[in-house]
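A note on names: the letters A, B, ... follow the listed sequences, proteins ahead of strands, and every chain is numbered from 1. The figures here come from the full heavy-atom set of this structure, side chains too, leaving out hydrogens, waters and symmetry mates.
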Protein chains: 2
Amino acid sequence: MAEREYASARDMLTAYEERCANTDDGIIMRELLDRIGDKWALLVIGTLAFGQLRFGDLRAHIPGVSQRMLTITLRHLERDGLVTRTAFAEIPPRVEYALSPLGHSLVKPASALATWAIERIPEIRAARAHFDADT
Amino acid sequence: MAEREYASARDMLTAYEERCANTDDGIIMRELLDRIGDKWALLVIGTLAFGQLRFGDLRAHIPGVSQRMLTITLRHLERDGLVTRTAFAEIPPRVEYALSPLGHSLVKPASALATWAIERIPEIRAARAHFDADT
DNA sequence: CGGGATCCTACTCGATACTG
DNA sequence: CAGTATCGAGTAGGATCCCG
């Protein structure tokens, strides 16, 4: 961002807002966070990035997720076309979940963010400790 | 992800878990989302990416944010070292907010995600409409 | 101007129990 | 096995009022 030269930060902001006026950044970010900002969605996507899995396996690979929340998360991801659900009419039932092409396209930017987090978390924790120190 | 060849998705998952065993992906992602996953944090960061701003200006540039939530969001970001706060002892008071180096380092991965969202939102909306159609 | 303190509501999420 | 249904605690976030 901010490749061009501007007279002031205000000018940059104006240019930024003109550029984004037709898309409305806020709404977009809200829709994005509604899908991947919840507690489990990114973990599900990260896990499915390696291949399709059954419901129970998925749950076993994501420590702490409840049956209910995994179901809800998967429904949301399925609704938004990020994950495909394939049910087999067998006894006992079997359901396979996999990333759709759209879902796969999210893996790269998402793991970029994850990499940032893993690298910077120590800094963040230090900053937090320092901030809390002088109350 | 998944550059190597594996006999099965399960093998990939096992390798993945071994690689991440010491960092615990889930905790990291949770900490990350606790900071940028809330309703306003990413918008604040995106706005401050262009330069420092006063509280009132920041609020004016982020439609819909309440005074309270902007304050809380800024405190969280400040606590985690992503944003710096500079108060000037003047009448009337003036407070400038700016991204720290750590905050700036988040801009690139975050805007990558934003770009993904802007490009893919049409697909997602279509998928959602289709999913809702056959209830 | 830049907040802090309060109240209040709606929603999230976990635990538990039941079903095809 | 893979869900659905229900209940309850906790919390996010908006509205409002006040202060230095």
### Query
Taking CD from B/Gln67 and C1' from C/dT6, how many angstroms apart are they, rounded to a whole number?
14 Å
#### Entry: Upstream residue (5' side of DNA chain C) when B/Gly56 and A/Met69 are each assigned their closest nucleotide
B/Gly56
### Query
So, A/Asp132 and A/Arg128, do they make that salt bridge, N to O below 4.0 Å?
no
### Query
Rounded to whole angstrom units, what separation is found between the CG atom of A/Leu58 and the C1' atom of D/dC1?
14 Å
### Message
Under the criterion side-chain contact (heavy atoms from CB on, under 4.5 Å), I'd like the reasoning laid out for A/Leu106 against B/Trp116: C-alpha separation, chi angles, the key distance, then a yes or no.
### Response
CA-CA 7 Å; A/Leu106 176 59; B/Trp116 180 91; 3.6 Å; yes
### Summary
Looking only at C/dG2, D/dG14, C/dG14, the nucleotide nearest the B/Ser66 side chain is D/dG14
### Message
I want to check one thing: is the phosphate of D/dG3, taken as OP1 and OP2, less than 4.0 Å away from some side-chain N or O of A/Tyr97?
### Response
yes
## Note on the structure
Out of C/dG14, D/dC1, D/dG14, minimum distance to the side chain of A/Lys39 belongs to C/dG14
### Task
Map B/Pro92 and A/Val65 onto DNA chain C by nearest heavy atom, then report which one ends up closer to the 5' terminus.
B/Pro92
### Query
Please give, in whole Å, the distance from C/dG3 P to B/Leu74 CG?
8 Å
### Query
Are any of A/Arg68's side-chain N or O atoms less than 4.0 Å away from OP1 or OP2 of C/dA17?
no
### Query
Within the structure, does a side-chain N or O atom of A/Arg54 lie under 4.0 Å from either OP1 or OP2 of D/dA2?
yes
#### Entry: Shortest non-hydrogen contact between B/Arg30 and A/Gly37, atoms and distance
NH2-O, 4.3 Å
### Query
Taking only side-chain nitrogens and oxygens of A/Trp40, does any of them come within less than 4.0 Å of OP1 or OP2 of C/dT12?
no
### Message
How many whole angstroms separate atom CG of A/Leu70 from atom P of C/dA15?
### Response
14 Å
### Among C/dG3, D/dG14, D/dA2, the one nearest A/Arg85 by side-chain distance
D/dA2
#### Entry: Under-4.0 Å salt bridge between B/Arg94 and B/Glu96
yes
### Message
Using only atom types and a distance under 3.5 Å, with no angle test, would you say the side chain of A/Ser100 pairs donor to acceptor with the backbone of A/Gly103?
### Response
yes
### Task
Have a look at B/Arg59 and say if it touches a base, only the backbone sugar-phosphate, or nothing, with a 4.0 Å heavy-atom cut-off.
nothing
### Task
Specify the separation, in whole Å, of atom CZ of B/Arg30 and atom P of C/dG14.
9 Å
### Task
Grab the CG-C1' distance between A/Leu43 and C/dC13 for me, whole Å please.
15 Å
### Task
Please report, rounded to the nearest Å, how far the C1' atom of C/dT19 is from the CD1 atom of A/Ile91.
13 Å
### C/dG3 OP1/OP2 closer than 4.0 Å to side-chain N/O of B/Thr71
no
#### Entry: Length of the line joining A/Arg75:CZ and C/dT12:P, which is rounded to integer Å
17 Å
